[in-house]
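Below is one structure, written out as structure tokens; the observations come after it.
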Amino acid sequence: MSPRRSQEDLIRELTGTLKPIRPLASPLVRALCWLSAVLILSVVAFSVSGKRTAALAAAPPDALIVAAMGAAMLTAALAAIAAFEVSLPDRSDKWLLPPLASLLVWASIGGFGCLTAAGTPGLWGHTLSEVLECLGFIVGISVPLSALAIVMLRRARPERWLSVMATAALASGAAATAVLALVHPHNSTPLDLLTHAFAITTVVGLNVAIGGRLLHAR
Amino acid sequence: MQSECSTGNASRTHDGDARRGAWMAAVQRGDRVAYDALLRECIPLVRRVARRCRVPADNVDDVVQDTLLAMHRVRHTFDPRRSFDAWLGSIARRRAIDSFRRSQHTAAHEVHGRSEDEASTHSDSAAVAALEWRATLRVVREAVMGLPPAQREAVELLTLGECRSDDAAHLTGRSAVSHRVNLHRAIKALRSRLKDKV
């Protein structure tokens with residue numbers, strides 16, 4: 001059988017099995033749907049932590065905390081958009097740059113917060129139990145957000161699944177950190193920064209290891 | 001590599017691109033006539049991408065078939081407001097680069113395998129026969145292992161495992177059509193690779 005004949009067979013089989021299919025919504029629309037879930041989760045978390053909300057209203061946090069929270073939210077939004085864009089075959093890898101730039105800004109704000117706090121008592125921050133609580137919160141919020149992202153991204157059958165999964169995990173981790181900052185605002189400490197970095201690295205690692213397979217499965 | 005593998009302006013005439021985009025939009029609605037016409041127009045475009053990516057001539061048909069199958073799987077990701085040729089080019093380019101890398105890897109592997117075979121020819125006749133048999137097995141095994149994952153899976157399930165294509169589809173989640181096409185291509189590739197060795 002010649003290759004020409006084989007291509008004829010393939011064309012016949014593909015056309016013969018063709019069924020109507022619903023085109024994917026635009027990546028921006030899908031990213032906004034995912035970000036809506038983040039918003040709902042934030043409202044729930046915010047309303048659950050009633051005491052802290054009252055404290056926050058009584059004593060607004062300083063500018064650095066607000067800036068860090070804003071950078072985390074921006075990173076989450078840009079990473080979500082990038083993940084949905086790159087999940088499509090014809091979109092450029094350059095979509096991956098804005099969330100990385102935003103991550104850099106976010107880390108710089110955290111680092112600057114640590115520098116401004118240098119010399120103050122209790123610089124290294126919290127107790128081990130608080131660190132674990134912080135870690136648990138970020139990972140706990142990231143899991144449903146990552147699961148939702150995987151379900152939404154899987155339909156695109158992304159070929160660049162590693163980039164897509166890592167970016168989606170960054171979006172989930174950054175969103176969880178922003179929600180944490182919302183319900184528990186406090187000045188950056190080195191331990192805080194390390195905890196957040198460790199939590200996000202864990203979320204990205206877990207997503208790439210576990211979620212990557214789900215995303216890559218044909 | 002990316003720039004060498006670009007689809008090329010010549011292939012992306014505006015009218016042709018718009019026509020193919022309109023056909024693809026019709027394909028998403030289930031139009032089989034448009035799909036037939038579209039697939040036939042895609043073949044020379046994909047061949048061009050494969051050649052630009054330096055895919056060996058005997059692998060170009062594999063790249064074409066891989067690309068058409070991938071295009072079928074992800075046809076819902078095409079946005080009719082965007083260029084069809086750019087969308088197809090991205091899919092084809094990845095297949096072509098994979099094929100180019102595989103061919104480089106296989107070539108390196110074959111050179112290594114031949115030098116090992118030459119060392120085994122200085123023995124008495126029984127030992128030589130046993131060694132030859134083992135070498136044959138090894139060559140066949142390596143040839144099967146050198147196939148792309150989807151083709152190897154088709155050989156393992158449909159030939160060695162004696163599965164029906166429907167059962168294989170159920171086991172793997174790939175379509176029965178895809179398994180049959182992969183098996184056909186695997187046999188063709190194995191025949192070509194083993195022609196002068198076994």
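Side chains are part of it too, since the values below use all heavy atoms of this structure and drop only hydrogens, waters and symmetry mates.
- The residue among G16(A), A156(A), S26(A), P89(A) with the most heavy atom pairs within less than 4.5 Å of chain B is P89(A).
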Checklist line | Candidate pair Q7(A) and R40(B), rule side chain to side chain contact (heavy atoms under 4.5 Å, CB included), full reasoning | finding: CA-CA 9 Å; Q7(A) 277 168 5; R40(B) 288 176 199 285; over 6 Å; no
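- Interatomic distance, R180(B) CZ to D9(A) CG, rounded to the nearest 0.5 Å: 10.0 Å.
- Within the 4.5 angstrom heavy-atom criterion, atoms from both the backbone and the side chain of V177(B) approach chain A.
- The shortest side-chain heavy-atom distance between Q28(B) and P23(A) falls under the 4.5 Å cut-off.
- Heavy atoms closer than 4.5 Å to chain A are found nowhere in R185(B), neither backbone nor side chain.
- The contact between D36(B) and chain A is made by backbone and side chain atoms together, counting heavy-atom distances below 4.5 Å.
- In this structure, the portions of R32(B) lying under 4.5 Å from any heavy atom of chain A include both its backbone and its side chain.
- Of the listed residues (V27(B), D79(B), L38(B)), the one with the most heavy-atom contacts under 4.5 Å to chain A is V27(B).
- Taking OH of Y35(B) as the start and OG1 of T17(A) as the end, the distance is 7.0 Å to the nearest 0.5 Å.
- Of all heavy-atom pairs spanning H76(B) and R22(A), the tightest one is CB-O, 3.6 Å.
- Residues H72(B) and E13(A) have side chains not in contact (no heavy-atom distance under 4.5 Å, counting atoms from C-beta outward).
- Here the straight-line distance linking atom CG of L68(B) with atom CD1 of I11(A) works out to 6.5 Å at 0.5 Å rounding.
- Within a 6.0 Å radius of CH2 in W95(A), no more than 12 heavy atoms belonging to other residues, nucleotides or ligands are found.
- Scanning all heavy atoms of the two residues, the minimum distance from K19(A) to R75(B) falls at O-NH2, 3.3 Å.
- Neither the backbone nor the side chain of D62(B) comes within less than 4.5 Å of any heavy atom in chain A.
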Next item on the list: Could you please spell out the steps behind the salt bridge (Lys or Arg N to Asp or Glu O under 4.0 Å) verdict for E159(A) and R95(B)?
Entry: CA-CA 10 Å; E159(A) 298 191 332; R95(B) 262 77 202 164; 2.2 Å; yes
Next item on the list: Under the side chain to side chain contact (heavy atoms under 4.5 Å, CB included) rule, what do L14(A) and L69(B) come out as? Steps first, then yes or no, please.
Entry: CA-CA 8 Å; L14(A) 291 179; L69(B) 283 168; 4.1 Å; yes
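- Between L10(A) and V64(B), the closest side-chain pair of non-hydrogen atoms is not below 4.5 Å.
- Proximity to chain B is limited to the side chain of R160(A), based on heavy atoms less than 4.5 angstrom apart.
- Summarising the geometry, atom CG belonging to L88(A) is positioned 10.5 Å from atom CH2 belonging to W87(B); distances are rounded to the nearest 0.5 Å.
- Contact record, D31(B) with L18(A): O-CD2, 3.6 Å, taken as the closest heavy-atom pair.
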